[in-house]
Amino acid sequence: MNYVKPSVPKGTRDFLPEQMYRRQFVLDIIKSKLETYGYEPLETPSIEKLEVLSGKYGEEGEHLLFKILKRGSSIEKVGSELKEYTVHRIDELVDLGLRYDLTVPLSRVVAMYQNEITLPFKRYQIQPVWRGDRPQKGRYREFFQCDADTVGSSSMIADAENICLIHDILSELGFDKFKIRINNRKILLGIVEYSDVDSEKGVDICVAIDKLDKIGIDGVRKELLNRNISEAATRKILPILEINGTNEKILADISYILASSAVGTQGIEEISEILSYMDDFGIDKQKLTIDLYLARGLSYYTGPIYESVVEEPRIGSLTGGGRYDELIGLFLGQSIPATGTTLGIERIIDVMTELDMIPEIKTRTTVLVTIFDENTKSLSLRIARDLRRAGINTEVSLNISQLKKQFIYANKKQIPFVVVIGPEELEQGAVTLKDMISGDQERISQDNLIHRFISLPK
RNA sequence: GUACGCGUAGCUCAGUUGGUUAGAGCUCUGGAUUGUGGUUCCAGCGGUCGCGGGUUCGAGUCCCGUCGUGUACCCCA
């Protein structure tokens with residue numbers, strides 16, 4: 001027989017029940033923490049008009065956008081009427097794209113529903129996004145993100161809250177060796193000003209210095225020169241990357257260097273304001289590091305930026321975010337300040353799995369009610385009904401087979417209790433309850449069965 | 001887009017300088033045990049060696065191509 005060899009597209013995955021329990025464990029913690037901060041849920045479509053997505057993610061991001069071919073008559077016209085067809089404009093073939101992140105859809109929503117939304121608007125959103133790059137460790141083409149954003153406030157309290165939220169979530173999930181790296185795009189602008197380079201080269205400088213961790217100071221030097229940054233500018237930039245010490249010292253040093261840059265100075269003030277709020281929120285200072293070379297890729301950030309990393313295993317950042325005061329303006333004509341963070345759900349799950357931080361759950365079913373034969377079937381179903389009405393997660397055997405088979409099933413799924421109702425039990429008005437973990441079993445009255453489970457700890 | 005690695009049973013893999021009929025563990029099915037799983041023992045099912053071509057008396061093994069997959073770069077969660 002001919003059959004299709006089953007497979008899923010590159011970089012996508014199925015989540016079987018066992019994996020779903022792991023995901024739910026993580027997501028449940030994240031959701032409840034989000035709600036303690038007053039963030040509210042939002043969902044948006046998987047597909048967006050291309051004009052909404054385009055031009056928001058920089059050149060590289062544009063490249064990774066999944067674009068969707070027109071469908072129905074518009075694409076048939078292209079395919080059927082002509083044997084050969086030259087595409088003159090991309091929008092002849094394509095007018096939609098798959099969601100690339102959750103920030104742009106949020107911005108669109110805010111711009112569209114101004115009358116329904118009360119500012120400041122704090123929302124969270126947990127949905128898949130798509131990127132057309134090559135999968136590798138911790139990278140997929142379809143993956144879930146969780147974003148928490150505050151729209152409509154330029155207060156640094158909002159930024160501090162975001163950072164605090166990340167700290168709380170990572171702690172609650174069981175991470176202790178993580179760092180939150182903080183910087184400010186305004187400081188980076190200040191550095192560009194200070195180095196007397198054309199402002200167009202600013203992006204190149206940021207991309208180069210962002211790699212410090214990976215390629216070291218000499219690597220950055222080469223990278224800068226490769227990107228046609230002058231020797232003189234490079235000499236001014238590199239010493240800034242070597243600033244280290246406590247957060248206070250770093251701020252003092254950089255503010256001395258950038259004293260003549262208004263924007264740089266403002267960036268520094270914002271960071272120290274955030275740090276003071278973090279103190280009020282009771283966040284361990286050891287977890288926060290100011291990294292003057294942190295740039296982050298997305299082009300829409302305008303102010304404080306931050307990401308969190310774990311030392312082991314090396315997998316890149318777990319979360320990333322920042323302030324984007326101009327993005328919503330692209331949909332509105334007037335700017336609305338906003339700041340937010342993205343939690344990389346997949347990476348968090350991958351890391352927690354690797355570090356064995358997620359309890360293994362094979363099933364949430366508490367009890368399997370077996371069926372002995374045709375005569376006892378009805379009673380088994382009634383017992384299952386009673387258990388379910390009492391709120392006990394109950395599975396009932398669907399096939400009448402040897403008890404052995406039914407026990408094997410319970411064992412495989414790690415269902416902790418099995419109820420047997422055979423001819424003897426039927427006659428006595430009893431059931432046999434077996435504890436699959438200890439192996440103990442006892443015969444109890446049908447009335448007592450439910451009480452037995454209700455007294456169990458969940 | 002660039003570079004490198006890997007494709008052998010459902011899964012994880014072994015397979016010598018190219019040489020008879022391609023192996024193991026796990027899984028699965030049946031039995032030892034017709035009212036009881038997880039341990040043990042016995043038996044069994046399961047392979048176009050990714051695909052196509054080439055070299056050779058002979059290819060799982062060597063060469064070329066192709067597809068899939070993984071890793072690194074770029075970039076990013």
Side-chain angles (χ1 to χ4, degrees), chain A residues 5-13 57-65 99-103 126-147 166 203 206-208 210-211 214-215 219 223 226-227 294-299 306-310 314-322 340-351 362 368 370-373 375-376 380 397 400-426 431-443:
Chain A
K5 195 185 176 193
S7 63
V8 295
K10 194 197 295 276
T12 67
R13 296 149 299 158
Y57 305 114
E59 196 186 328
E60 196 68 29
E62 200 74 18
H63 197 65
L64 299 177
L65 261 181
R99 193 200 293 132
Y100 181 90
D101 72 356
L102 302 177
T103 309
I126 302 175
Q127 286 192 276
V129 302
W130 293 267
R131 294 187 189 175
D133 65 354
R134 303 225 171 157
Q136 49 185 277
K137 193 178 174 67
R139 296 172 82 164
Y140 307 93
R141 298 180 107 176
E142 177 184 68
F143 60 98
F144 277 75
Q145 287 194 328
C146 168
D147 274 35
I166 290 162
V203 175
C206 290
V207 170
D210 190 48
K211 294 183 186 174
K214 218 174 211 171
I215 61 180
E223 185 85 21
N226 278 344
R227 288 172 185 265
L294 173 67
R296 302 202 48 74
L298 295 169
S299 53
Y306 30 85
E307 67 176 35
S308 62
V309 290
V310 283
R314 282 187 76 88
I315 196 171
S317 52
L318 294 183
T319 75
T341 188
T342 299
L343 292 128
I345 301 289
E346 310 297 345
R347 284 193 180 170
I348 290 173
I349 292 171
D350 283 356
V351 171
K362 271 217 151 174
L368 172 74
T370 57
I371 296 181
F372 190 86
D373 60 20
N375 295 327
T376 62
S380 283
S397 292
I400 307 176
S401 55
Q402 307 169 42
L403 269 189
K404 178 178 176 144
K405 291 272 171 64
Q406 302 184 48
F407 270 86
I408 288 173
Y409 176 80
N411 190 58
K412 264 192 198 155
K413 290 195 69 180
Q414 293 183 14
I415 298 171
F417 293 95
V418 172
V419 167
V420 177
I421 303 144
E424 292 173 22
E425 288 87 348
L426 181 64
V431 301
T432 294
L433 175 64
K434 177 156 184 172
D435 179 330
M436 294 294 280
I437 293 157
S438 67
D440 299 338
Q441 70 178 41
E442 60 181 317
R443 193 162 290 183

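Everything quoted here is computed from the prediction, not taken from an experiment. Each chain gets a letter, A, B and so on, in the order its sequence line appears, and its residues count up from 1.
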Hey, is the side chain of A:E425 pairing donor to acceptor with the base of B:G35 inside 3.5 Å? yes
Touch check for A:F144, heavy atoms < 4.0 angstrom, all strands: base, sugar-phosphate only, or nothing? nothing
Is A:R134 side chain donor-acceptor paired with the B:U2 base, going by distance under 3.5 Å alone? yes
Whether the side chain of A:N411 and the base of B:G38 hold a donor-acceptor pair under 3.5 Å is what I'd like checked. no
The single option from A:I345, A:L102, A:L343 that satisfies side-chain contact (heavy atoms from CB on, under 4.5 Å) with A:F144 is A:I345
Tell me if the side-chain of A:Q402 makes a donor-acceptor pair with the base of B:U36, cut-off 3.5 Å, by modelled atom types. no
With distance as the sole criterion, do the side chain of A:K434 and the base of B:G37 form a donor-acceptor contact below 3.5 Å? yes
B:A77 base stacked by A:F143 (centroids within less than 5.5 Å, tilt under 30°): yes
By the Watson-Crick or G-U definition, both distances under 3.5 Å, B:G60 is matched with none
Determine whether A:L368 and A:S397 make a side-chain contact, defined as any pair of heavy atoms from C-beta on separated by less than 4.5 Å. yes
Base, sugar-phosphate alone, or nothing: which one does A:E424 contact when heavy atoms must sit under 4.0 Å apart? base
Just call it for A:I437: base, sugar-phosphate, or nothing, with non-hydrogen atoms closer than 4.0 Å on any strand. base
Would you indicate what A:I408 reaches in the nucleic acid, counting non-hydrogen atoms under 4.0 angstrom: base, sugar-phosphate, or nothing? sugar-phosphate
So A:K413, base contact, sugar-phosphate only, or nothing? Heavy-atom distance under 4.0 Å. nothing
Under 4.0 Å, counting only non-hydrogen atoms across every strand here, what does A:G61 touch: a base, just sugar-phosphate, or nothing? nothing
Could you tell me whether A:E307 contacts a base, only the sugar-phosphate backbone, or nothing, with contacts defined as non-hydrogen atoms closer than 4.0 Å? nothing
For A:F372, report the nucleic acid contact type (base, sugar-phosphate, nothing); a contact means any heavy atom under 4.0 Å. base
Quick one: does A:K404 reach the base of B:U36 with a side-chain donor-acceptor pair under 3.5 Å? no
